[in-house]
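Single-structure report; data block below.
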Amino acid sequence: MRTSQYLLSTLKETPANAEVISHQLMLRAGLVRNVASGMYTWLPTGLKVLRKVENIVREEMEKAGSLETLMPMVQPADLWEESGRWEDYGPELLRLKDRHDRPFVLGPTHEEVITKLVANEISSYKQLPLNMFQIQTKFRDEIRPRFGVMRGREFLMKDAYSFHLSAECLQKTYDVMFDAYCRIFDRLGLDYRPVIADTGSIGGEASHEFHVLAESGEDDIAFSDASDFAANVEKAEALAPSGTKPSPSLALTEVSTPNAKTIDDVATLLNVDSKQTVKTLIVLGNEIEDQPTPVIALVLRGDHQLNEIKAENLANVASPLTFASEEEVLNAVGCNIGSIGPVGLNIPVIVDRSAAHLADFVSGANKDGFHFSGTNWDRDCTDYTVEDIRNVVEGDQSPCGKGKIVIKRGIEVGHIFQLGEKYAQAMNCGVLTEQGKNKILTMGCYGIGVSRIVAAAIEQNHDKYGIKWPSAIAPFQAAIVPMNMAKSARVKETAETMYNQLQEAGIDVLFDDRKERPGVMFADHELIGTPILLIIGERNLDNQEIEIKNRITGEKSMMPINDVMSLFK
RNA sequence: CGGUGAUUAGCGCAGCUUGGUAGCGCACUUGGUUUGGGUCCAAGGGGUCGCAAGUUCGAAUCUUGCAUCACCGACCA
């Protein structure tokens, strides 16, 4: 490609609306342009990168035995009613109507469509297992799109679905997909980790997320500093503290704490460590027929944070987790938020493992403006259950048994699930077994955020001059940068010859034939991150040499003109 | 959904306090100059000042409403 026939569209200045580095560089390097909140046009350079990512994903999926399909982006609402997600999905699901007033959705994912397809197409166990994927635009009406294509509303995703007769067979495909994902991220040249994940709203059993490690990531990943253990903080188990619980040494004493409504206030006022306090959260319980909504108290150590996912997975806690209103708190507890504690409550009390390990701690007195000091479990509060309901923090024991927890930020770029029978059941997707009986299939589902990978790759690979693409996904393999071609016939001739030669060899090379000063050309190529610059100038032609500059290492070296092809072997 | 802020040329911004029909840098066009790291000089083109209503002789500027975009928060006991 010649720059004179190309749309480079680089920007010298950083657009004001871009916050993270990948978003800024994607705009400056001319990869994408914003169209509306969370929606982007991919310019030629960006699309080249996107297609390279897509092709790696496609090749590895095919190698792993998955069949490519393409499903519609717009889906009829009745499919979603059949699966139950028309009600469950919430406002992220964009709903629309056609001219006949028939309801549709913009597909945020395609379980319904594929399950319906398989229900219709597959009728015998002999046709299983089956694994199909597509690379398709998805739409999720995110609460808050941000960071450019990292969390867009419209985005490109590879999603795959597998169908099986047995859990063992599903596990086998799941393992194959796990390995395929590792190969994909290896080939992309990214620093990533598979981590144990929550199955979230889609439901199901086993699940791993693949995270690209980067400061700007939106997820917290808990690692062990002594093993391979890695889990999303949402999912990482917080073990009970080791050792025996100290015995009570203080009497329960009511203390006045006017206007101290937060743990920090109370800890400061009473001059105790927040680790010696507990906070008590009132949430809604599951509805029981013909009765007012029950409320439940969750008790955590003052310095810990509630893990909402763990909490809402508890049997008697409402899902999604909902905090009680001020009025509900007043009715149930008899005081306002800020003075609640576990002592004397006549509602169910669930205590976190770490909070349950305390002795002589500070708690709310269930009386406005008062707390208790010297609170002790079993003596002052007898009716409670102990559960893991907090987020792990740095320094906790790793749940794998080895080492301590370290927390890093990650960008979720892949997610694999064992779905089980949820969708197959709802859409009546089954086959006849060897025994001639109908059996509902069990499913796996495997996603990769293709467009997000482009942003994640930049987050991990850039410097002050611009993007440093891993070579597998660079928009161009190399660029020819001639010095003062307009004046030098020798330079022009060498550049043209080299361009033709590389083109014929199938090398994706950008020939900078603009009448620009060298500085302008260097700056542009560094910004868009071309891995190799082939610099042709008068001063080296006498020796029949050109200069090679490596974008990743910054190294410059000389090379005989005729050896250029060796760079691409 | 709540809070905050922004909206003036393709991009980045000034002008608004104190109303008088718009300016700077980059980018773009033309000519010249320069040519191994974002040259320099000159001459140009480009804006219903987000939309609507109001106040006024007169509104980018004051008032009201709306829209869009962005940032922060959505553990608070």
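Just the heavy atoms: all of them, side chains too, but no hydrogens, waters or symmetry mates, feed the values below. On a predicted model such as this, the values are computed, not experimentally measured, just so you know. First the proteins, then the strands, lettered A, B, ... as listed; each starts at 1.
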Find the distance Arg514(A):CZ to U39(B):P and express it as a whole number of Å. 12 Å
I'd like to know if Asn17(A) reaches the base of G12(B) with its side chain, counting only an N/O donor and acceptor under 3.5 Å. no
With respect to the phosphate group of G36(B), does any side-chain polar atom (N or O) of Arg539(A) fall under 4.0 Å of OP1 or OP2? no
Check: Asp508(A) main-chain N/O paired with Gln477(A) side-chain donor or acceptor under 3.5 Å: yes
Base partner of U34(B), which must satisfy Watson-Crick or wobble distances under 3.5 Å: none
Write down the partner of U68(B) under the Watson-Crick or G-U wobble criteria, each distance required to be under 3.5 Å. A6(B)
Using OP1 and OP2 only, check whether a side-chain N or O of Lys12(A) sits under 4.0 Å from C11(B). no
What does G23(B) pair with, Watson-Crick or G-U, if both distances are under 3.5 Å? C13(B)
Re A59(B): Watson-Crick or G-U wobble partner, both distances kept under 3.5 Å, found to be none
Pick the closest RNA chain B nucleotide for Leu11(A) and for Glu538(A) by heavy atoms, then say which residue is nearer the 5' end. Leu11(A)
Which nucleotide sits closest to the side chain of Lys515(A): U34(B), G36(B), G73(B)? U34(B)
No-H, no-angle donor-acceptor pair, Lys549(A) side chain to G37(B) base, under 3.5 Å: yes
Would a distance-only check, ignoring hydrogens and angles, find a side-chain to backbone donor-acceptor pair under 3.5 Å from Thr45(A) to Leu31(A)? no
Is there a donor and acceptor pair closer than 3.5 Å between the side chain of Glu13(A) and the base of G25(B)? yes
Side-chain donor or acceptor of Asn376(A) paired with backbone N/O of Arg379(A) under 3.5 Å: no
Under 3.5 Å, is there a donor-acceptor pair between the side chain of Ser339(A) and the main chain of Gly369(A)? yes
Minimum heavy-atom distance Pro475(A)-Ile528(A), with the two atoms named: CG-O, 4.0 Å
From the list A70(B), U35(B), C71(B), which nucleotide is the closest neighbour of the side chain of Ser37(A)? A70(B)
Toward the 5' end of RNA chain B, which comes first, Ile536(A) or Phe147(A), by nearest nucleotide? Ile536(A)
Quiz item: Glu526(A) side-chain donor-acceptor pair to G37(B) base, under 3.5 Å: yes
Which nucleotide sits closest to the side chain of Thr262(A): C71(B), A77(B), U39(B)? A77(B)
Minimum-distance nucleotide (side-chain atoms of Lys556(A) versus G38(B), G37(B), G73(B)): G37(B)
